[in-house]
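All remarks here apply to the structure that follows.
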Amino acid sequence: SQQGEEDPQALSIQEGENATMNCSYKTSINNLQWYRQNSGRGLVHLILIRSNEREKHSGRLRVTLDTSKKSSSLLITASRAADTASYFCATRRTGRRALTFGSGTRLQVQP
Amino acid sequence: DAGVIQSPRHEVTEMGQEVTLRCKPISGHDYLFWYRQTMMRGLELLIYFNNNVPIDDSGMPEDRFSAKMPNASFSTLKIQPSEPRDSAVYFCASRTGTESPLLPGELFFGEGSRLTVL
């Protein structure tokens, strides 16, 4: 199975609601990153959290990391229709340069 | 900077034909990665380069796949001969080799090359 597994696979919410996506991984990591992908486009980096950090904020994004449970969550507050996209977590294993991506969560924000 | 540039954006070819995908990384980036995205397998790392040298090609599925980086501003991914199961979106990404609080090591992706092999 993949290093990162997101859940849910798909999420549909109303504009203004919060969206929470979770990611689990298997090995020790250097950092964990979240990316966004609009339909038909490339991935865009959103936020990075290092293995010694527990929580990080960036605008309407909040990321948490629990290394003991090997899991992370991405919270998007006050969602907008423009947040509709797929969201991927990516882990960088200790000692490696390449990122391993999870299977992604498809978020649909209804206006 | 224009970002990571990939070409072609779309390619439709017939089984057995040679396919060449191209990538121009962001200037000054030391690392270049090739990923493949499919519905069934998600995003898979195929190969990555550091300073134009292939570091890890363990993700290259078969000998039909080859990748080169002749200089710091150009890389190619070649499939010969192509097969229908190679149909996917191929992404190139680059990043700086230096890491710091201001340069945490994020990847910058191109828009991808959508390959369809009939």
Side-chain angles (χ1 to χ4, degrees), chain A residues 1-10 21 23-27 29-53 56-58 61 63 65 74 85-106, chain B residues 2-7 9-10 21 23-26 29-51 53-60 89-114:
Chain A
S1 61
Q2 296 186 48
Q3 163 74 337
E5 296 288 344
E6 286 94 333
D7 82 272
Q9 289 188 329
M21 289 159 267
C23 168
S24 60
Y25 58 92
K26 291 179 168 45
T27 65
I29 60 171
N30 180 285
N31 65 58
L32 186 145
Q33 304 179 31
W34 285 90
Y35 287 77
R36 166 193 169 128
Q37 183 181 32
N38 286 7
S39 180
R41 306 295 298 273
L43 282 77
V44 175
H45 180 264
L46 293 176
I47 192 167
L48 176 150
I49 186 165
R50 300 183 195 281
S51 59
N52 61 353
E53 297 176 311
K56 201 162 184 180
H57 296 254
S58 177
L61 304 180
V63 171
L65 179 64
L74 172 68
S86 291
Y87 292 82
F88 295 87
C89 71
T91 52
R92 187 177 144 196
R93 300 182 193 182
T94 305
R96 297 192 63 179
R97 289 290 188 180
L99 290 180
T100 303
F101 286 83
S103 49
T105 293
R106 293 187 309 279
Chain B
V4 176
I5 299 173
Q6 291 187 245
S7 65
R9 288 295 312 278
H10 302 274
L21 308 178
C23 175
K24 176 178 166 53
I26 292 173
H29 281 189
D30 300 328
Y31 286 85
L32 183 141
F33 303 80
W34 282 99
Y35 283 88
R36 178 171 69 174
Q37 186 178 38
T38 62
M39 288 294 293
M40 292 297 294
R41 301 178 66 88
L43 270 158
E44 303 173 279
L45 175 68
L46 299 177
I47 185 172
Y48 77 92
F49 297 82
N50 178 212
N51 292 324
V53 176
I55 302 300
D56 183 356
D57 66 353
S58 59
M60 296 286 263
V89 182
Y90 291 81
F91 286 102
C92 176
S94 69
R95 56 158 281 187
T96 177
T98 303
E99 290 188 28
S100 71
L102 293 179
L103 295 172
E106 67 187 86
L107 282 184
F108 292 82
F109 280 80
E111 296 286 27
S113 294
R114 180 175 294 276

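Sequence lines set the chain letters: A, B, ... in the order given, protein chains first and strands last, and positions in each chain run from 1.
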Quick one: what part of Asn50(B) sits under 4.5 Å from any heavy atom of chain A, side chain, backbone, both or neither?
neither

Exam field: side chain Thr38(B) to backbone Arg41(B), donor-acceptor pair closer than 3.5 Å:
yes

Determine whether Ile55(B) and Tyr31(B) make a side-chain contact, defined as any pair of heavy atoms from C-beta on separated by less than 4.5 Å.
no

May I ask you to check whether Phe88(A) and Phe109(B) place their ring centres under 6.0 Å from each other?
no

Side chain / backbone / both / neither for Gln37(B) at chain A, heavy atoms under 4.5 Å
side chain

Step through it carefully: locate the ring centre of Tyr48(B), locate the ring centre of Phe33(B), and say whether they are under 6.0 Å apart.
yes

Could you look at Leu107(B) and say if it's the side chain, the backbone, both or neither that has a heavy atom under 4.5 Å from chain A?
both

At a heavy-atom separation under 4.5 Å, does Phe108(B) approach chain A through its side chain, its backbone, both, or neither?
neither

